[in-house]
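First the structure, in the form of structure tokens, and then the observations on it.
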Amino acid sequence: MSLAALAPSLLVASQRIAERLTADRRHLHQHPELGFQEFETSRFVQRRLAELGIPFRVPIATTGVAAVIEGTAPGPGRTVLLRADMDALPIQEESDLPYRSTVAGVMHACGHDAHTAILLGAAEVLLGERRRFSGSVKLAFQPCEERFPGGALAMIEEGVLENPRVDAAFGLHCTPQLETGTLGYRAGPVSAASDRFTIRIRGKGGHAARPNSCVDAVVVAAQTVVMLQTLISRETSPIQPAVVTVGAIHAGDAHNVIPAEAEIRGTVRTYDVALRATLGQRVREVAEGVARTMRAEAEVLYTMGYPPLVNDPSMTRLARDSGIEVVGSDNVVEGEQALGGEDMAYFMQRVPGCFFRLGTGNRARGITFGNHHARFNVDDAALPIGVAAMCATALRFLARAEAA
Ligand code: NI
């Protein structure tokens, strides 16, 4: 069977398991777990893999699961890795869905429940297609994507890219901005380096009516926040994507007291390596400089987070071609370039690959809320499409490896 003829059959096979995909996704949605605490989710994945008879490795990265499906077609083959993240977010779900989260303050608001269900579905479909490929498909069920340092690096350090050695990696992300039936691909950077800073300002506290005998940490903090904004507006090229956001300011707790201390927390997002380093240095200089000018002191804690996720051009072409076979060229769009962070970046630093977007929105059904929203939801009709796209991409990569 030619590759072009294979994709529709993969879609049929994926549609055949649509009911279970939905049931799995909803079960996971009802039982969300935070990063590195995905013990029940991990057990669920292991149970499913065991039922299918797919060998897997645990523990890896605390709650991760690494499985391998070996092709039975003759010939040497390469290894392709498919990845799904499994963790939820510390968000109180506000939907009234029958399958809403049963855990107070924890919610699958980024679709990782769907990613996990899709990878389980891909495992089943690929198992049924074993005779069509040589080489192996490795499945990485990854813990903790949402919180630095993340689970991807831990899985890599514990050998997920070895035995057999992985030649390429692919993953997808639910995207409610795209309607179900749509896939998005983009070569180059698709998610940003996400670094974090905490600035502790120390002034001198005292009576609100005697500012002259104090060093007001609130005013120093306010000045610092305004100055930090000029790093983008006045120091960064307008055609260079970058963000500096202050997400928290804490100081004082009374009307009539000047606090001695203030704390500012924020994040810096960049694609460019040099700009990343420059902004890190400038956040420090601005914070320390403003404090010194205002007779205070600033201590800056700067943490480098996930690196930018860069899609390999040739792997993106391969993934896009597979996607076109699944949904048709009219339904394949250019993927968004966003400044979110994504630890799939660590896989892409080591092997070429592509991280693509699965449309999971459905305006007619009111499924429009963005990722990390308390009413985020996934259109379950997108799940088989995700399965077929993952399988088609993996098989195309292995077939190309054979031809090479
Ligand atoms: Ni996510």
Side-chain angles (χ1 to χ4, degrees), residues 24-25 28-29 31-38 41-42 45 61 63-64 82-91 93 95 101 103 106-120 122 140-155 169-178 180 182-186 189-194 196 243 267 269 305-311 335-348 353-361 367-380 382-383 385-386 389-390:
D24 281 359
R25 203 281 286 188
L28 294 168
H29 192 85
H31 305 282
E33 296 173 294
L34 295 174
F36 289 127
Q37 296 167 32
E38 308 93 334
T41 306
S42 179
V45 167
T63 51
L82 303 178
R83 173 268 207 178
D85 42 11
M86 304 190 291
D87 58 323
L89 284 155
I91 292 176
E93 182 157 3
S95 82
S101 170
V103 184
V106 183
M107 175 191 177
H108 270 295
C110 200
H112 299 187
D113 47 353
H115 303 166
T116 304
I118 287 169
L119 194 56
L120 283 171
F141 294 90
Q142 183 210 298
C144 195
E145 185 280 325
E146 296 288 0
R147 203 163 41 86
F148 186 79
L153 198 55
M155 284 192 96
F170 298 93
L172 57 72
H173 206 292
C174 291
T175 305
Q177 290 82 5
L178 296 178
T180 288
T182 314
L183 295 165
Y185 298 87
R186 186 188 193 97
V190 292
S191 83
S194 55
R196 297 182 304 164
V243 169
T267 181
R269 306 293 172 100
Y306 298 154
L309 193 165
V310 183
N311 279 339
E336 194 200 5
Q337 204 177 22
L339 286 161
E342 168 59 66
D343 76 345
M344 179 90 191
Y346 289 114
F347 289 111
M348 301 308 196
C354 177
F355 189 67
F356 59 95
R357 297 190 170 272
L358 172 68
T360 54
I367 303 177
T368 54
F369 292 100
N371 300 77
H372 295 207
H373 192 284
R375 293 181 67 188
F376 175 86
N377 191 13
V378 168
D379 180 9
D380 289 306
L383 302 175
I385 297 165
M390 287 286 248

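For the numbers below, each heavy atom of this structure counts, side chains included, while hydrogens, waters and symmetry mates do not. Every number for a ligand or one of its atoms is a count from 1 in the order of the listing.
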Query raised in the report: Counting backbone and side-chain atoms alike, does His173 have an N/O/S atom under 2.8 Å from the Ni ion (ligand 1)?
Result: yes
Report summary line: Only one of Glu145, His115, Gln142 passes side-chain hydrogen bond (donor to acceptor under 3.5 Å, both in side chains) with Arg83, and that residue is Gln142
Report summary line: Between Leu172 and Phe355 the two heavy atoms that sit nearest each other are O-CE1, 3.6 Å
Query raised in the report: How about His115: does one of its N, O or S atoms come closer than 2.8 Å to the Ni ion (ligand 1)?
Result: no
Query - the Ni ion (ligand 1) - name of the N/O/S atom of His112 that sits closest to it - result: NE2
Query raised in the report: Can you tell me if Ser101 uses its side chain to pair, donor with acceptor, with the backbone of Val103 under 3.5 Å?
Result: yes
Report task. Mind listing the closest non-hydrogen atom pair of His108 and His29 along with its distance? Result -> O-CE1, 3.3 Å
